Amino acid sequence: MFGRTIRSVFRAVTPVARIAVDQPSAGRRSFAAGSVPDEVKGFKIGRLNHVAIAVPDLPAASKLYREVFGAAVSEPMPQPEHGVFTVFVELGPNQTKVELLHPMGPTSPISKFLEKNPSGGIHHVCFEVADIQKALDQVTAHGLKVIDPKPKIGAHGKPVVFLHPKSCNSVLVELEQA
């Protein structure tokens with residue numbers, strides 16, 4: 001097994017893997033490690049700021065992260081512009097967080113999410129960007145659908161925009177000004 005090449009391992013796995021290994025990437029771009037194509041040099045996502053989780057019971061979710069996982073957990077903060085209460089869970093020195101989301105009422109987008117997912121679940125991921133307007137211009141120029149093209153102030157007091165899941169591999173993506 002150790003003497004086999006990676007190509008031979010992938011070839012043996014499935015027909016799909018054989019196609020991926022044996023055929024050139026028809027129409028797909030491949031970037032060398034660390035390279036950035038010219039058309040995206042003006043914009044680049046930064047670090048993962050947070051993963052947002054919709055929860056049906058905010059006190060219970062907060063208690064889980066505080067008492068079971070030993071994390072620092074903020075007090076609930078109302079975000080009326082977004083129709084949610086947020087709690088931030090600190091994950092250590094890299095400052096990435098878990099954001100717990102709970103609806104403020106039945107018209108909240110989180111209420112709709114919880115109707116479909118009664119136990120809760122991952123709602124979105126948030127990446128930092130150096131310039132929200134440049135990021136917005138770049139993603140729209142590439143045809144990505146933005147939920148609201150006018151940046152709003154997010155839970156961290158910074159401008160944010162959300163990219164539609166249909167444009168981002170079925171994941172709701174938030175971009176936040178760093």
Side-chain angles (χ1 to χ4, degrees), residues 10 16-55 77-105 107-117 120-178:
F10 278 112
V16 173
R18 277 198 301 276
I19 291 168
V21 171
D22 293 339
Q23 295 182 4
S25 55
R28 293 178 301 200
R29 284 191 252 174
S30 173
F31 304 121
S35 72
V36 178
D38 288 338
E39 66 268 22
V40 295
K41 284 196 175 172
F43 159 68
K44 175 170 112 170
I45 60 172
R47 75 177 183 88
L48 175 66
N49 182 285
H50 65 266
V51 174
I53 301 173
V55 298
M77 297 176 287
Q79 304 293 328
E81 186 172 346
H82 300 281
V84 297
F85 290 98
T86 60
V87 166
F88 285 100
V89 180
E90 301 289 333
L91 298 180
N94 69 0
Q95 299 178 6
T96 298
K97 299 169 187 65
V98 169
E99 178 183 40
L100 303 176
L101 300 171
H102 186 73
M104 290 186 92
T107 60
S108 168
I110 299 304
S111 288
K112 293 177 184 109
F113 182 90
L114 289 172
E115 284 174 16
K116 294 178 186 173
N117 308 279
I122 294 177
H123 183 261
H124 68 268
V125 295
C126 176
F127 297 105
E128 293 181 353
V129 296
D131 182 329
I132 195 76
Q133 192 58 54
K134 190 178 254 185
L136 188 56
D137 293 345
Q138 184 72 26
V139 298
T140 55
H142 282 273
L144 276 65
K145 185 176 178 184
V146 178
I147 296 197
D148 184 345
K150 186 175 187 271
K152 293 182 179 181
I153 299 302
H156 295 112
K158 299 177 180 180
V160 300
V161 293
F162 286 88
L163 307 181
H164 199 284
K166 289 182 181 177
S167 296
C168 299
N169 303 304
S170 299
V171 175
L172 179 61
V173 173
E174 179 182 15
L175 301 178
E176 178 181 278
Q177 176 102 20

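No experiment lies behind these values; they were computed from the predicted model shown.
Between atom CZ of residue F88 and atom CG of residue N49 there is a gap of 7.5 Å, rounded to the nearest 0.5 Å. Here CG of L91 is found 11.5 Å from NE2 of H50. Values are rounded to the nearest 0.5 Å. From K97, atom NZ reaches atom CG of L48 across 10.5 Å, with rounding to the nearest 0.5 Å. From M104, atom CE reaches atom CD1 of I110 across 12.5 Å, with rounding to the nearest 0.5 Å. In this structure, CD1 on I45 lies 8.0 Å from CG on L175, to the nearest 0.5 angstrom. Rounded to the nearest 0.5 Å, atoms NE2 (H124) and CD1 (I147) are 10.5 Å apart.
The minimum heavy-atom distance linking L100 with V55 is given by the pair CD2-CG1, 4.1 Å. The shortest heavy-atom contact between F113 and A54 is CD2-CB, 3.4 Å.
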Does the pair E90 and Q95 meet the rule for a side chain to side chain contact (heavy atoms under 4.5 Å, CB included), with working shown? CA-CA 7 Å; E90 301 289 333; Q95 299 178 6; 5.5 Å; no
Step-by-step side chain to side chain contact (heavy atoms under 4.5 Å, CB included) determination, L172 to H123: CA-CA 7 Å; L172 179 61; H123 183 261; 3.3 Å; yes
Considering only distance and modelled atom types, tabulate donor-acceptor pairs under 3.5 Å from the side chains of residues 151-171, sequence neighbours left out.
unit_1: H156; atom_1: ND1; unit_2: E176; atom_2: OE1; d: 2.8
unit_1: H164; atom_1: ND1; unit_2: K166; atom_2: N; d: 3.0
unit_1: S167; atom_1: OG; unit_2: K145; atom_2: N; d: 2.7

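With hydrogens and angles ignored, the 3.5 Å screen pairs a side-chain donor or acceptor of Q177 with a backbone N or O of A130. Put simply, the side chain of D131 gets close to the backbone of K134: a donor and an acceptor are under 3.5 Å apart. Using modelled atom types, no side-chain atom of S111 and backbone atom of T107 make a donor-acceptor pair closer than 3.5 Å. Between the side chain of S108 and the backbone N or O of G105 there is no donor-acceptor pair closer than 3.5 Å.
In this structure, the side chains of L114 and P103 come closer than 4.5 Å at one or more pairs of heavy atoms.
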